[in-house]
**Student:** 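Structure incoming, see below.
As the structure is a computational prediction, the values presented were derived from the model and not from experiment. Here, residue 1 is the first one in the sequence, and each next residue gets the next number.
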Amino acid sequence: MRARLAMPVALIAAVSVAATACQSSGGSDGPDGSGKDAPKAASAAVDYNPQPYENIKDGGTYTTVGTFDDQGNPFNVNATLTASRVWGWYNADAITYSPTGDVQYNKDYYSDVKVTVDGGNQKVVLTINPKAAFNDGTPIDWRAIEATWKANNGSDREFATSSTDGYDQITSVAKGKDAKQAVISFKGVNASWSTLFTTFLHPKAATVENFNKAYVKKAHPEWGAGPYTVGKWDTHSGNITFVRNPKWWGRKGKLDKRVYVNLESTAAVNAFRNGQLDYTSAVDAESLKQVKGLKGTEIRSGGSPFEYSLYFNTKSPVLSDKAVRKAIQQSVDRAQIAKIQFQGLDYKEPLPGSAVLYSFQKGYEDNLSAVLKYDPAEAKKTLDAAGWKAGSDGVRAKNGKKLEVGYTLLGDDPLGKATAGAFAAMLKPAGIHLVIKKGDDADFAKTISERRFDLFLSGNRSMDPFGARYLCDFYCSDRDSNITGSGSPALDKEIRATTGIADLDEQTAAVNKVERKALQEYAFLPLFSGPSTYGVKKGLANVGATIFYTPLPETVGWQR
């Protein structure tokens with residue numbers, strides 16, 4: 001997922017990058033924007049050269065970094081943000097959102113949508129475009145909607161689904177006036193129902209075996225649909241080329257080719273400088289410096305529906321002790337790490353206080369500051385009370401075991417290394433020894449799914465504006481997407497009670513209240529969002545900082 005996917009598809013996990021910790025008067029203030037000079041809300045600006053379909057040239061190639069990840073099914077718990085983006089180039093993009101989060105129905109898939117409430121229960125009727133068909137010739141009809149629901153509703157635990165929220169509220173998916181109409185019946189009301197069927201599965205992909213394994217390092221263009229399909233996938237390099245789909249019934253794609261090249265982040269910046277890429281992310285001051293001012297390019301920067309957080313594996317022996325987790329969080333100066341992260345970016349934001357909502361969204365509250373303060377002195381007291389005694393070398397111990405905590409660092413990104421070093425320096429005064437464990441970017445999926453970490457910094461991107469829907473994915477104890485393993489059945493019950501609230505404002509208020517309890521598990525620490533900043537070749541249309549907006553593939557191309 002936000003495709004938060006270390007989480008859900010609307011939440012999907014991005015690769016680990018950098019860090020930050022807890023705001024208080026004792027923390028660092030400064031030009032990074034994380035302290036007293038910070039704005040009250042993060043930026044909601046967009047910058048993507050929006051152009052109508054008619055103003056885009058026919059032809060050309062668009063090349064960026066990306067690859068098929070281990071798991072290419074975005075509904076699967078192990079899918080990542082990259083997997084979701086790749087999926088969208090050869091599968092249905094039936095519902096998208098405007099930058100501010102307004103729902104947009106794609107009439108090439110859903111020609112009509114009706115939502116009604118009767119007796120307190122919601123019904124959604126999707127009328128599917130008569131021409132819509134999967135590439136293997138199977139009609140896209142109510143059975144695709146039914147298959148997607150059944151795979152994700154939690155009734156069969158064999159499906160490794162990213163999120164059951166919302167799907168488990170549906171009581172039936174039935175054939176309407178004909179096969180091209182799906183009637184979706186809910187128990188109660190689901191205000192964010194559109195997030196459930198932004199895309200859908202081919203019925204053949206919705207068996208347990210195929211849902212879990214068919215898309216592992218594989219594409220299935222025959223089960224896809226849309227303006228593009230897979231032209232070439234190099235299993236050795238990981239490079240992918242999409243070409244126009246001759247079976248597409250809607251507006252044709254403007255591009256001749258859409259190419260993903262499998263490169264590490266540092267190599268991507270060099271490839272952009274050499275003209276091999278049309279677009280690259282500038283995640284820090286150094287990469288921004290490298291891509292800024294290049295002939296024929298421009299910088300596009302805006303707000304970000306990303307959030308990077310520190311995850312605590314509560315199943316690891318050392319972090320099963322809540323006091324240790326709390327002391328770590330009390331020791332981490334998020335404002336100071338924000339300075340590391342944002343140095344040279346001319347960017348300001350308040351420190352994030354929620355896993356599910358951003359400060360530029362209605363109803364957002366800083367839930368973290370309500371339950372946790374940056375206080376290194378208090379961290380020592382927390383460990384004292386839990387029986388962790390300082391040793392002669394300054395490292396605490398209990399029952400003969402030293403207080404050593406692992407920090408898993410993937411890749412060779414300099415900012416990631418700097419962040420890891422900052423964490424180590426912050427924890428040392430409390431008597432906690434941070435052991436930095438190196439790994440490859442390719443280890444991301446296994447690190448998450450197999451909980452091969454004590455502490456792990458990872459990011460998630462929200463693909464839709466309904467963050468309150470994903471509370472359970474972060475905090476429910478019985479969710480695979482809760483990679484910390486924290487929580488309790490009692491807390492799960494309180495979290496799930498929020499999903500049945502029909503009014504969005506009331507639901508958000510309830511979610512804020514419950515999240516404050518969940519954050520007191522001290523297993524999850526929101527760190528920073530940062531700007532969305534990209535180097536882009538001039539003339540590239542509908543690409544850049546888009547917040548919640550995902551442009552349809554056929555609208556991406558080169559401006560006339």
**Student:** Please walk me through it: do I448 and F456 pass side-chain contact (heavy atoms from CB on, under 4.5 Å)?
**Tutor:** CA-CA 9 Å; I448 291 290; F456 187 62; 3.5 Å; yes
**Student:** Which atoms form the tightest heavy-atom contact between G101 and P465, and what is the distance?
**Tutor:** O-CG, 3.4 Å
**Student:** For the aromatic rings, using the six-membered ring if either is Trp, is the centroid distance between F528 and Y308 under 6.0 Å?
**Tutor:**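 Centroid separation for F528 and Y308: below 6.0 Å.
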**Student:** Under 3.5 Å, is there a donor-acceptor pair linking the side chains of Q507 and T498?
**Tutor:** no
**Student:** Applying the ring-ring contact (aromatic ring centres under 6.0 Å, His included) criterion to Y90, which one of Y215, Y260, F242 satisfies it?
**Tutor:** F242
**Student:** With the side chain counted from C-beta on, respond yes when K180 and W142 share a heavy-atom pair under 4.5 Å apart, and no when they do not.
**Tutor:** no
**Student:** Between CG of D102 and CD of Q104, what distance do you get to the nearest 0.5 Å?
**Tutor:** 7.5 Å
**Student:** Taking the side chain as C-beta and beyond, is there a heavy-atom pair between T80 and F444 under 4.5 Å?
**Tutor:**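 Contact flag for T80/F444 side chains = yes.
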**Student:** Let me see the working for D256 and R244 under side-chain contact (heavy atoms from CB on, under 4.5 Å), right down to the final yes or no.
**Tutor:** CA-CA 6 Å; D256 292 325; R244 289 192 186 99; 2.9 Å; yes
**Student:** Would you say the side chain of V115 lies within less than 4.5 Å of the side chain of W193, judging by non-hydrogen atoms?
**Tutor:**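 In contact.
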**Student:** Q122 pairs by side-chain contact (heavy atoms from CB on, under 4.5 Å) with which of V189, I184, I170?
**Tutor:**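 Result: among V189, I184, I170, V189 is the only option passing the side-chain contact (heavy atoms from CB on, under 4.5 Å) with Q122.
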**Student:** Donor-acceptor pair, distance only, cut-off 3.5 Å: does the side chain of Q71 make one with the backbone of N212?
**Tutor:**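 Yes; at least one donor-acceptor contact below 3.5 Å.
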**Student:** Do the side chains of D168 and R496 get close enough for a salt bridge, i.e. N-O under 4.0 angstrom?
**Tutor:**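 No, this pair does not count.
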**Student:** What is the ring orientation for W89 with Y62, classed by angle as parallel under 30°, tilted 30 to 60°, or perpendicular over 60°?
**Tutor:** tilted
**Student:** Tell me if a side-chain donor or acceptor on K247 pairs with a main-chain N or O of N135 at a distance below 3.5 Å.
**Tutor:**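 Between the backbone of N135 and the side chain of K247 there is a qualifying donor-acceptor contact (under 3.5 Å).
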**Student:** If you round to the nearest 0.5 Å, how far is CD of Q276 from CG of L263?
**Tutor:** 8.0 Å
**Student:** Does any N or O in the side chain of D47 come within less than 3.5 Å of the main-chain N or O of G302, such that one atom is a donor and the other an acceptor?
**Tutor:**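 Pair absent, no side-chain N/O of D47 close to backbone of G302.
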**Student:** Please identify which of these residues, N542, D93, T96, meets the side-chain contact (heavy atoms from CB on, under 4.5 Å) condition with P551.
**Tutor:** N542
**Student:** I'd like to know if the side chain of S98 pairs up with that of T100 as donor and acceptor (distance under 3.5 Å, no hydrogens or angles considered).
**Tutor:** yes
**Student:** Using a 3.5 Å distance criterion without hydrogens, assess whether the side chain of Y534 forms a donor-acceptor pair with backbone atoms of R300.
**Tutor:** no
**Student:** Between V511 and T508, is any pair of side-chain heavy atoms under 4.5 Å apart?
**Tutor:**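 They are not in side-chain contact.
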**Student:** Do W223 and F200 have their ring centres less than 6.0 Å from each other?
**Tutor:** no
**Student:** Just checking K537: does its NZ atom have more than 12 heavy atoms from other residues, nucleotides or ligands closer to it than 6.0 angstrom?
**Tutor:** yes
**Student:** So, for V243 and G231, which heavy atoms are closest and what is the spacing to 0.1 Å?
**Tutor:**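 Minimum heavy-atom contact is CG2-CA, 3.9 Å.
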**Student:** In sequence, state the C-alpha distance, the side-chain angles, and the governing distance for N460 and Y470, and then conclude on side-chain contact (heavy atoms from CB on, under 4.5 Å).
**Tutor:** CA-CA 12 Å; N460 286 287; Y470 300 105; over 6 Å; no
**Student:** Using modelled atom types only, decide if a donor and an acceptor are shared between the side chain of N482 and the backbone of D473 within a distance under 3.5 Å.
**Tutor:**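 Looks like no, no N/O pair under 3.5 Å.
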**Student:** Rounded to the nearest 0.5 Å, how far apart are CG of D108 and CG of N129?
**Tutor:** 6.0 Å
**Student:** State whether the side chain of N49 and the backbone N or O of L540 hold a donor-acceptor pair below 3.5 Å, judged by distance alone.
**Tutor:** yes
**Student:** So, does N313 use its side chain to make a donor-acceptor pair with the main chain of I483 at under 3.5 Å?
**Tutor:** no
**Student:** Which heavy atom in G303 sits nearest to a heavy atom in S532, and how many Å separate them?
**Tutor:** O-OG, 3.2 Å
**Student:** Measure the spacing between OG of S354 and CG of L471 and express it to the nearest 0.5 Å.
**Tutor:** 8.0 Å
**Student:** With rounding to the nearest 0.5 Å, note down the distance linking CZ in F453 to OG in S458.
**Tutor:**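 Going from CZ on F453 over to OG on S458, the span is 9.0 Å.
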**Student:** Measuring only between side-chain heavy atoms, which start at C-beta, is V208 closer than 4.5 Å to F159?
**Tutor:**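 Yes. Closest side-chain heavy atoms under 4.5 Å.
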**Student:** Flag the pair Y407 / L310 as yes when at least one side-chain heavy-atom distance between them is below 4.5 Å, and no otherwise.
**Tutor:**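 Counting from C-beta outward, Y407 and L310 do come under 4.5 Å.
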**Student:** Set out, in order, the CA-CA distance, both residues' side-chain angles and the distance that settles side-chain contact (heavy atoms from CB on, under 4.5 Å) for V46 and Y549, then state yes or no.
**Tutor:** CA-CA 9 Å; V46 294; Y549 181 46; over 6 Å; no
**Student:** Is it true that a side-chain atom of D492 and a backbone atom of S477 form a donor plus acceptor pair closer than 3.5 Å?
**Tutor:** yes
**Student:** Tell me the closest heavy-atom pair linking F134 and A144, and the distance in Å.
**Tutor:**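 Distance-wise, the nearest heavy atoms are CZ-CB, 4.0 Å.
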**Student:** Evaluate D165 against R479 for salt bridge (charged side-chain N to carboxylate O under 4.0 Å, His left out), listing each step before the verdict.
**Tutor:** CA-CA 10 Å; D165 285 346; R479 280 292 170 83; 2.7 Å; yes
**Student:** Quick one: pull up OG1 in T164 and CG in D156 and give me the separation to the nearest 0.5 Å.
**Tutor:** 12.5 Å
**Student:** Answer whether the closest heavy-atom distance between the side chains of N76 and T161 falls below 4.5 Å.
**Tutor:** no
**Student:** If you measure only the distance, is there a donor-acceptor pair under 3.5 Å linking the side chains of H202 and D136?
**Tutor:**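 Side chains of H202 and D136: pair found under 3.5 Å.
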**Student:** Give a yes or no on whether the ring-centroid distance for Y110 and Y105 is below 6.0 angstrom.
**Tutor:**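 Not under 6.0 Å, so no.
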**Student:** Which of parallel (below 30°), tilted (30 to 60°) and perpendicular (above 60°) describes F548 and Y358?
**Tutor:**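 Rings of F548 and Y358: tilted, as their planes differ by 30° to 60°.
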**Student:** State, to 0.1 Å, how close F524 and F312 come at their nearest heavy-atom pair, and which atoms those are.
**Tutor:**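 Where F524 meets F312 most closely, the heavy atoms are N-CD1, 4.0 Å.
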**Student:** Check for a donor-acceptor pair, side chain of D278 on one end and backbone N or O of T63 on the other, with a separation under 3.5 Å.
**Tutor:**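 At least one qualifying donor-acceptor pair exists.
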**Student:** Any side-chain heavy atom of L201 sitting closer than 4.5 Å to one from F211?
**Tutor:**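 Side chain of L201 against side chain of F211, heavy atoms only: contact under 4.5 Å found.
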**Student:** What pair of heavy atoms forms the shortest contact from I501 to A510, and how long is it?
**Tutor:** CD1-CB, 3.6 Å
**Student:** Do Y97 and T198 have side-chain atoms, one donor and one acceptor, less than 3.5 Å apart?
**Tutor:** no
**Student:** Is a donor from one side chain sitting under 3.5 angstrom from an acceptor on the other, for S237 and N262?
**Tutor:** no
**Student:** Going by the side-chain contact (heavy atoms from CB on, under 4.5 Å) test, name the single residue among V103, T195, T550 that passes it with D464.
**Tutor:**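 Among V103, T195, T550, the one meeting side-chain contact (heavy atoms from CB on, under 4.5 Å) with D464 is T195.
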**Student:** Distance-only, no hydrogens or angles: does the E494 side chain make a donor-acceptor pair with backbone N or O of V514 under 3.5 Å?
**Tutor:**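 Pair absent, no side-chain N/O of E494 close to backbone of V514.
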**Student:** Within 45° of the ring axis of Y53 and under 6.0 Å from its six-membered ring centre, is that where the NZ or CZ of R251 lies?
**Tutor:**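 Yes, R251 lies over the aromatic ring of Y53.
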